[in-house]
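Sequence lines set the chain letters: A, B, ... in the order given, protein chains first and strands last, and positions in each chain run from 1.
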Amino acid sequence: QKEVEQNSGPLSVPEGAIASLNCTYSDRVSQSFFWYRQYSGKSPELIMSIYSNGDKEDGRFTAQLNKASQYVSLLIRDSQPSDSATYLCAVNPTNTDKLIFGTGTRLQVFP
Amino acid sequence: EPEVTQTPSHQVTQMGQEVILRCVPISNHLYFYWYRQILGQKVEFLVSFYNNEISEKSEIFDDQFSVERPDGSNFTLKIRSTKLEDSAMYFCASSDLAGRFGNEQFFGPGTRLTVL
């Protein structure tokens, strides 16, 4: 059974700090990894995708991938109260169409 | 900016009734998906659809479920005889990738299905 694991949180950070969200996955040969943001009662919103080992930056967001450790993370710099949401890690295993989601980490950014 | 749309936003039905959830994927996308999220739980894959046929389905997607692309824009999920445990948010998603690598999927706003 392919799994994606995340700490459910909540992760509380002050405004302006760096929030670090982590995810591990069990399928060693997975190639595509995604971070989605989900506000309460809303649908998942794609914020980052990463396919290669290393870092990928987009604005205040940096995704990090380490395939050897089967680990993917998301850093949010200069966190804002509007970043308060649940962050979902999703993995697309090789030779499938589907995304497998973790349970999500709830982030709270306080002023 | 193109987006996936879904109707209705909320559907209430009696157990045993049939429901049809509707989606309009992003217009140039080729791959379509349905996911569901039971309240407080993770998002779960139901089915993927490409070139007018199911390409993959999960264990959840049993004979009570079916999908269809009745025209060039709509993509539907039908549940033939709803059960209480079908109550969930149902999300449609689409992707433009002609292949599976780098499969960025964009989600619609969801339909909240309540089975009484």
Inter-chain contacts: residues 100-111 of chain A against chain B, heavy atoms under 4.5 Å:
A:Phe101, A:Gly102, A:Thr103
Answer yes or no: are there more than 12 heavy-atom neighbours, outside B:Arg69 itself, under 6.0 Å from its atom CZ?
yes
Is it the case that one hydrophobic cluster holds both B:Ile38 and B:Leu113, taking links as side-chain heavy atoms less than 4.5 Å apart, direct or via other members?
no
Nearest 0.5 Å please: distance from the OG atom of A:Ser49 over to the CD atom of B:Gln105.
12.0 Å
Which portion of A:Lys98 sits near chain B, non-hydrogen atoms under 4.5 angstrom
both
Would you compute the distance between atom CE of B:Met89 and atom OG of A:Ser43 and round it to the nearest 0.5 angstrom?
7.0 Å
Name the region of A:Phe33, side chain, backbone, both or neither, that has any atom closer than 4.5 Å to a heavy atom of chain B.
neither
Say whether A:Val4 and A:Leu11 are linked into one hydrophobic cluster, either directly or through other cluster members, by side-chain heavy-atom distances under 4.5 angstrom.
yes
Please answer: with hydrophobic residues joined when any side-chain heavy atoms are less than 4.5 Å apart, are B:Phe107 and B:Ile26 in the same cluster?
yes
Tell me if a side-chain donor or acceptor on B:Tyr35 pairs with a main-chain N or O of A:Leu99 at a distance below 3.5 Å.
yes
Using a 6.0 Å cut-off, check whether atom CG of B:Asp63 has over 12 heavy atoms from anything other than its own residue.
no
Nearest-0.5 Å distance, CZ of residue B:Phe91 to NZ of residue A:Lys42:
10.5 Å
Closest heavy-atom pair and its distance - A:Ser32, B:Asn103:
OG-N, 4.4 Å
In the single-linkage hydrophobic clustering (I, L, V, M, F, W, Y; side-chain heavy atoms under 4.5 Å), do A:Phe34 and B:Tyr33 co-cluster?
yes
Atom CG of residue position B:Leu116 - does it have more than 12 heavy atoms of other residues, nucleotides or ligands inside 6.0 Å?
yes
In this structure, are over 12 heavy atoms from other groups packed under 6.0 Å from A:Arg28 atom CZ?
no
Above 12 or not: heavy atoms from other molecules or residues under 6.0 Å from NZ of A:Lys56?
yes
Roughly how far, to the nearest 0.5 Å, is NZ of B:Lys42 from CG of A:Leu88?
10.5 Å
Non-hydrogen atoms of chain B under 4.5 Å away: do they reach the side chain of A:Glu45, the backbone, both or neither?
neither
Report yes or no: do B:Tyr50 and B:Trp34 belong to one cluster of Ile/Leu/Val/Met/Phe/Trp/Tyr joined by side chain heavy-atom distances under 4.5 Å?
no
Grab the two heavy atoms, one from A:Asp97 and one from B:Tyr31, that are nearest each other, plus how far apart they are.
OD1-CE2, 4.2 Å
Less than 4.5 Å to any heavy atom of chain A: does that hold for the side chain of B:Gln37, its backbone, both, or neither?
side chain
Chain B contact via A:Leu46 - side chain, backbone, both or neither, heavy atoms under 4.5 Å:
side chain
